[in-house]
Every structure is written in structure tokens, then in C-alpha cells.
K.L.:
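The structure follows.
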Amino acid sequence: MSAALDSLLDLLDLEPIERDIFRGTSRSAVVPRVFGGQVAAQALVAAGRTVPADRGAHSLHAYFLRAGDPGAPIVYSVDRIRDGKSFTTRRVVAVQHGQPIFHLSASFQTYEDGLEHQADMPSSPDPETLPTAAEMLPRYADRFSDPGMVDRLIEARAAVDLRYVDAPPFGTVGEAREPRSQVWFRTNGKLADDPLLHVCMATYVSDMTLLDSVLLAHGRGGWAVGDVVGASLDHAMWFHRPFRADEWLLYDQESPSASSGRGLGQARIYTADGRLAITVIQEGVVRVPRGPAAG
């Protein structure tokens, strides 16, 4: 296991304070606020720790309310909304400096057999043939005004092996493309056989690239380039079938709409053998800044 993955697992191992109350810390991010995927994953950890182990997470719906302060702890308070025969529902509020910064509702279900069908997995190259972040990012160093950006991006993704199928948004600045993006990802090391951990790790990664397709449609390079500003607004995930986050997963993403300073991304995550594991939808603020960066 890589040191970065070990550090991320420590981040997800929340400290219990009282019954249904947990405390988490943060790690440095590319932007000067808490990474949204971290808050979502930690909130799901908090919810999952109040649920029987035989009930797996099947969906989450979340709102990002305020930017998180990476220098302060985050307190997660869990409400036990419902414990039914098949389904369990939890609500989690993340608080910093006395104010809610994030809200999540999550539902868990006991396993049962049922009807089965799924959308086919799209074609995609073997992830082992694609460049790693450490190999790919230095190629685009001249796209960033901050000389330390490449190193920060590599550090932020050190726990996860994330590989773009095509050039990322900052690789084709000024060139509008089809609003579609694919990445393969897996953790940089093996994980324990805990289904909740794999679900939480996928939740963490799901916030990294989902709005890329919005940027591609307009030839924008993204937050690191500085030709857009924004943040995640809301996030929803449905977990359809078992998967492992330490094995290759294809994140197939597209954007059906952008308007009113917001962009919508939707995606499907497949296992390498073609099983549809997760559906993801996210909307975020995507604004063109005033001044030279907008030109």
C-alpha cells in the first residue's frame, strides 16, 4: 500500500465523539478549501458506522453548502431517520465553525435477489496502456500559471491511480470538444474486504473529474488553469452492484447541459469485466471569471 493511500485511509477513519457524532480532519487540496469528495466520503463513513454490517449503501444524495476550512476539524452528526425491515436511512450534517458545510442523505439495504438488466459498458482502451498522472501531468506544465500546480495535482491524486483516456480539459484549452470524458481509476494499493470502504473510496474519487465534460464542451481548461471558477453544488450516487475500488473501474462521464452559471455532469462507473457498478450525477457552479483569465 502506498503512503498516500495509507494517509487517505486514516482520513476516512473518523474519530467517534459521542453516539452518532464523529470528527474528521482534512488534507491539503489543489484549491484552498476542503475537497468535496473527502467530505462526501467521510459523511458516508459516519452514516455507515450507524448501520448493521449486512446492509450495504445503495444510494446517497448530498448538497455542498459552504466551502470547508482545511485547517479545522469537521464534525459529522448522524440522524437515524429510519430502520426498516429491508432499508435503513441516515441523514448526516457536517459542521465547521458552528455552521453546516455539507448535508447528506444515504440509504442502505439488505441484499436481495431481483430483476436484472444494465446498460452496456462503452468501449475503452486497456487502462494499463494509458499514462499515469505522474507521466501525463508534466506534459501540460505550461498550461498552469502556478509553477507548483503540477506537483500539487500529482500529490492530490497520489492515493488513486487515475488515468485519462483522452486529454484532460487543460490539455486542449481553447478547443471545444464533445462533452464526454473517460477515466480509469483504482486505489494505489489493496484495500480491506469491507464493502463500505470500497463504496466510500469510490465516492471520494467521483468528485475529481465529473465536471470535466462541462469544461470540454466550451474549451475551458478548468480551475487549475483559471479560466473558470466554481465548486460542486450537489451530488448523487446509486450503487447497483458489488465492486472493489482497488481494481480498475471505468468512469464514463458526460454533460447534457450547462446554463445559468451551472453545469451538469452524469456518469456511469463500470467494473473492468463490464458490470455497471455505480451511477453518478452532479451539478456544480461553473462560471467564467471577469478579467484576463476569461479571455
Side-chain angles (χ1 to χ4, degrees), residues 5 8-9 11-14 16 19-20 22 24 36-63 76-94 102-119 121 159-160 185-187 189-208 210 234-252 266-282:
L5 179 56
L8 177 55
L9 292 174
L11 202 70
L12 296 180
D13 188 17
L14 303 180
R19 183 178 187 268
D20 300 343
F22 304 87
Q38 174 205 303
V39 182
Q42 287 181 327
L44 190 57
V45 169
R49 288 190 176 176
T50 71
V51 175
D54 64 344
R55 300 196 173 199
H58 78 83
S59 68
L60 66 83
H61 302 262
Y63 282 92
Y76 296 90
S77 178
V78 182
D79 288 335
R80 301 183 182 229
I81 302 299
R82 180 175 183 266
D83 290 288
K85 293 181 178 179
S86 299
F87 292 90
T88 293
T89 307
R90 294 292 185 260
R91 180 175 59 205
V92 184
V93 178
F102 179 83
H103 174 276
L104 174 138
S105 295
S107 184
F108 301 77
Q109 180 190 15
T110 56
Y111 174 80
E112 61 182 83
D113 291 321
L115 301 176
E116 280 275 347
H117 78 274
Q118 68 161 73
M121 181 180 183
V160 178
F185 72 88
R186 65 180 177 185
T187 57
K190 297 297 290 184
L191 300 175
D193 296 331
D194 177 0
L196 178 64
L197 176 60
H198 291 264
V199 165
C200 291
M201 195 63 70
T203 300
Y204 177 87
V205 178
S206 69
D207 191 41
M208 284 184 171
L210 186 49
D234 54 7
H235 197 85
M237 302 180 73
W238 292 264
F239 305 100
H240 308 300
R241 293 171 180 84
F243 64 91
R244 293 188 65 92
D246 55 8
E247 297 177 352
W248 284 118
L249 296 168
L250 176 65
Y251 200 3
D252 186 60
Q266 59 187 26
R268 292 168 176 164
I269 299 179
Y270 293 86
T271 61
D273 61 0
R275 289 176 294 113
L276 177 58
I278 311 169
T279 297
V280 192
I281 297 180
Q282 181 184 78

K.L.:
Which atom pair, heavy atoms only, marks the closest approach of F102 to A43?
P.N.:
CE2-CB, 3.6 Å
K.L.:
First locate atom CZ of F239, then atom CG of L44, and finally report the distance between them rounded to the nearest 0.5 Å.
P.N.:
6.0 Å
K.L.:
Mind checking what makes salt bridge (charged side-chain N to carboxylate O under 4.0 Å, His left out) contact with D13, not counting sequence neighbours?
P.N.:
R49
K.L.:
Who pairs with H103 by ring-ring contact (aromatic ring centres under 6.0 Å, His included), at least two apart in sequence or on another chain?
P.N.:
none
K.L.:
Under 3.5 Å, is there a donor-acceptor pair between the H58 and S107 side chains?
P.N.:
yes
K.L.:
What distance do T88 atom OG1 and I81 atom CD1 have between them, rounded to the nearest 0.5 Å?
P.N.:
11.5 Å
K.L.:
Taking all non-hydrogen atoms of both residues, which atom of A192 and which atom of L197 are closest, and how far apart?
P.N.:
N-CD2, 4.1 Å
K.L.:
Is it the case that over 12 heavy atoms from other parts of the model lie below 6.0 angstrom from the CZ atom of F87?
P.N.:
yes
K.L.:
Once rounded to the nearest 0.5 Å, what's the spacing between atom OG of S206 and atom OH of Y251?
P.N.:
4.5 Å
K.L.:
Which heavy atom of A94 sits nearest a heavy atom of V39, and at what distance?
P.N.:
CB-CG1, 4.3 Å
K.L.:
So T279 and H240, side chain to side chain contact (heavy atoms under 4.5 Å, CB included) or not? Walk me through it.
P.N.:
CA-CA 8 Å; T279 297; H240 308 300; 2.7 Å; yes
K.L.:
Is the shortest side-chain N to carboxylate O distance from R275 to E116 below 4.0 Å?
P.N.:
no
K.L.:
Begin with the C-alpha distance, continue with both residues' side-chain angles, and end with the deciding distance and a verdict on side chain to side chain contact (heavy atoms under 4.5 Å, CB included) for Y63 and H235.
P.N.:
CA-CA 6 Å; Y63 282 92; H235 197 85; over 6 Å; no
K.L.:
With the side chain counted from C-beta on, respond yes when L5 and L191 share a heavy-atom pair under 4.5 Å apart, and no when they do not.
P.N.:
yes
K.L.:
Do you know the tightest heavy-atom contact between C200 and V45?
P.N.:
SG-CG2, 3.5 Å
K.L.:
Side chain to side chain contact (heavy atoms under 4.5 Å, CB included) for V93 and V78? Distances and angles first, verdict last.
P.N.:
CA-CA 7 Å; V93 178; V78 182; over 6 Å; no
K.L.:
How long is the span from the CD1 atom in I281 to the CE atom in M237, to the nearest 0.5 Å?
P.N.:
11.5 Å
K.L.:
Begin from the C-alpha positions of R80 and T50 and carry the test side chain to side chain contact (heavy atoms under 4.5 Å, CB included) through to its verdict.
P.N.:
CA-CA 8 Å; R80 301 183 182 229; T50 71; 3.8 Å; yes
K.L.:
Ignoring hydrogens, what is the shortest heavy-atom contact between L276 and A119? Give both atom names and the distance.
P.N.:
CD2-N, 4.3 Å
K.L.:
Let's go through D207 and Q282 carefully: what are the C-alpha distance in whole Å and the side-chain angles of both, what is the deciding distance for side-chain hydrogen bond (donor to acceptor under 3.5 Å, both in side chains) to 0.1 Å, and is it a yes or a no?
P.N.:
CA-CA 8 Å; D207 191 41; Q282 181 184 78; 2.6 Å; yes
K.L.:
Please determine if R90 and D79 form a salt bridge, counting it only when a charged side-chain N lies under 4.0 Å from a carboxylate O.
P.N.:
no
K.L.:
To the nearest 0.5 Å, what is the distance between CD1 (I269) and CG (L250)?
P.N.:
9.0 Å
K.L.:
Which atom names give the shortest non-hydrogen contact between G274 and M121, and what distance separates them?
P.N.:
CA-SD, 3.4 Å
K.L.:
What's the spacing between F243 CZ and L249 CG if we round to 0.5 Å?
P.N.:
6.5 Å
K.L.:
Is the number of heavy atoms from other residues, nucleotides or ligands under 6.0 Å of R268 CZ greater than 12?
P.N.:
no
K.L.:
Report the C-alpha separation of Y204 and Q38 in whole Å, then their side-chain angles, then the decisive distance to 0.1 Å, and conclude whether the side-chain hydrogen bond (donor to acceptor under 3.5 Å, both in side chains) test is met.
P.N.:
CA-CA 5 Å; Y204 177 87; Q38 174 205 303; over 6 Å; no
K.L.:
Considering only NZ, NE, NH1 and NH2 on the basic side and carboxylate oxygens on the acidic side, decide whether K190 and D246 come within less than 4.0 Å.
P.N.:
yes
